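Report on the structure given below.
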Amino acid sequence: QVQLVESGGGSVQAGDSLRLTCADSKRTFNTIVLGWFRQAPGKEREFVAAISWNGDTTDYTDSVKDRFIISRDNAKSTVYLQMNSLKPVDTARYYCAARTGTLVRADERSYDYWGQGTQVTVTS
């Protein structure tokens with residue numbers, strides 16, 4: 001069973017960068033799709049980015065395109081979210097998720113496993 005643990009969150013100023021990391025402690029996710037979601041206070045959880053098992057396919061929500069980059073290292077059972085040019089609207093709790101299908105999807109209902117999340121706060 002996949003067990004996801006996120007890290008790398010923190011408090012930064014607008015324009016700064018952060019890199020989130022999500023590791024699978026069971027080292028089982030080499031053939032699954034991984035995604036990042038976020039939830040701001042008082043809002044629904046939303047899709048941020050996802051990556052196919054081999055890294056060939058990625059998808060991003062429009063608001064983070066050209067600023068965020070998702071990548072993975074299957075040898076380390078780790079997925080990353082490089083976040084550049086951060087804005088206050090990016091403030092949220094960020095969750096790593098995994099799905100056992102092969103298609104990259106933005107629908108959170110498609111994901112089977114979730115981490116506990118890591119907080120990102122961006123101040124102006």
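Computed from heavy atoms alone, side chains included, the values below leave out hydrogens, waters and symmetry copies. Keep in mind it's a predicted model, so treat the numbers as computed, not measured.
Put simply, CG on Leu4 and CD on Glu6 are 6.5 Å apart, with the number rounded to the nearest 0.5 Å. How far CD1 of Ile32 is from CG of Asn74: 9.0 Å, rounded to the nearest 0.5 Å. Rounded to the nearest 0.5 angstrom, Ser85 OG and Arg67 CZ are separated by 7.0 Å. Note that CG of Leu34 is 13.0 Å distant from OG1 of Thr58, once rounded to the nearest 0.5 Å. Thr123 OG1 to Lys87 NZ: the interatomic distance, rounded to the nearest 0.5 Å, is 15.5 Å. Note: Asp24 CG to Lys76 NZ = 15.0 Å, rounded to the nearest 0.5 Å.
The side-chain heavy atoms of Val48 and Tyr94, taken from C-beta on, include a pair separated by under 4.5 Å. The shortest distance between side-chain heavy atoms of Leu103 and Val33 does not fall below 4.5 Å. Using a 4.5 Å cut-off on side-chain heavy atoms (C-beta onward), Arg38 and Leu81 make no contact. Side chains of Trp36 and Cys22 form a contact here, defined as non-hydrogen atoms less than 4.5 Å apart. Residues Leu86 and Phe68 have side chains in contact (heavy-atom distance under 4.5 Å, counting atoms from C-beta outward). Counting only heavy atoms from C-beta outward, the side chains of Trp53 and Arg72 approach each other to under 4.5 Å.
Contacts of Ser124 classified as side chain to side chain donor-acceptor pair (under 3.5 Å), with partners at least two apart in sequence or in another chain: none. A search for side chain to side chain contact (heavy atoms under 4.5 Å, CB included) contacts involving Ser17 returns Gln82, Asn84, not counting sequence neighbours. Listed by chain and number, the residues in a salt bridge (Lys or Arg N to Asp or Glu O under 4.0 Å) with Asp59 amount to none (sequence neighbours excluded). For Gln13, the side chain to side chain donor-acceptor pair (under 3.5 Å) test picks out no residue, with sequence neighbours left out. Residues passing the side chain to side chain contact (heavy atoms under 4.5 Å, CB included) test with Arg45, sequence neighbours excluded: Phe37, Gln39, Tyr95, Glu108, Trp114. Legend: residues meeting side chain to side chain contact (heavy atoms under 4.5 Å, CB included) with Ser52, ordered by chain and number and at least two apart, are Asn54, Asp56, Thr57, Val104. A search for salt bridge (Lys or Arg N to Asp or Glu O under 4.0 Å) contacts involving Arg105 returns nothing, not counting sequence neighbours. In this structure Lys65 satisfies the salt bridge (Lys or Arg N to Asp or Glu O under 4.0 Å) test together with Asp62, sequence neighbours excluded. Under the side chain to side chain contact (heavy atoms under 4.5 Å, CB included) criterion, Thr21 pairs with Ser7, Arg19, Thr78, Tyr80, sequence neighbours left out.
In this structure a side-chain-to-backbone donor-acceptor pair under 3.5 Å is present from Tyr60 to Ile70. In this structure a side-chain-to-backbone donor-acceptor pair under 3.5 Å is present from Thr118 to Gly9.
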Next item on the list: Test side chain to side chain contact (heavy atoms under 4.5 Å, CB included) on Val122 and Asp16 and set out the steps.
Entry: CA-CA 8 Å; Val122 185; Asp16 285 350; over 6 Å; no
Margin query: Applying side chain to side chain contact (heavy atoms under 4.5 Å, CB included) to Val120 and Met83, what does each step give before you reach the verdict?
Written below: CA-CA 10 Å; Val120 173; Met83 304 187 297; 3.8 Å; yes
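The two residues Gly35 and Tyr111 come nearest to each other via the heavy atoms N-CE2, 3.9 Å.
The neighbour count for Asp107 CG, taken as heavy atoms of other residues, nucleotides or ligands under 6.0 Å away, is above 12.
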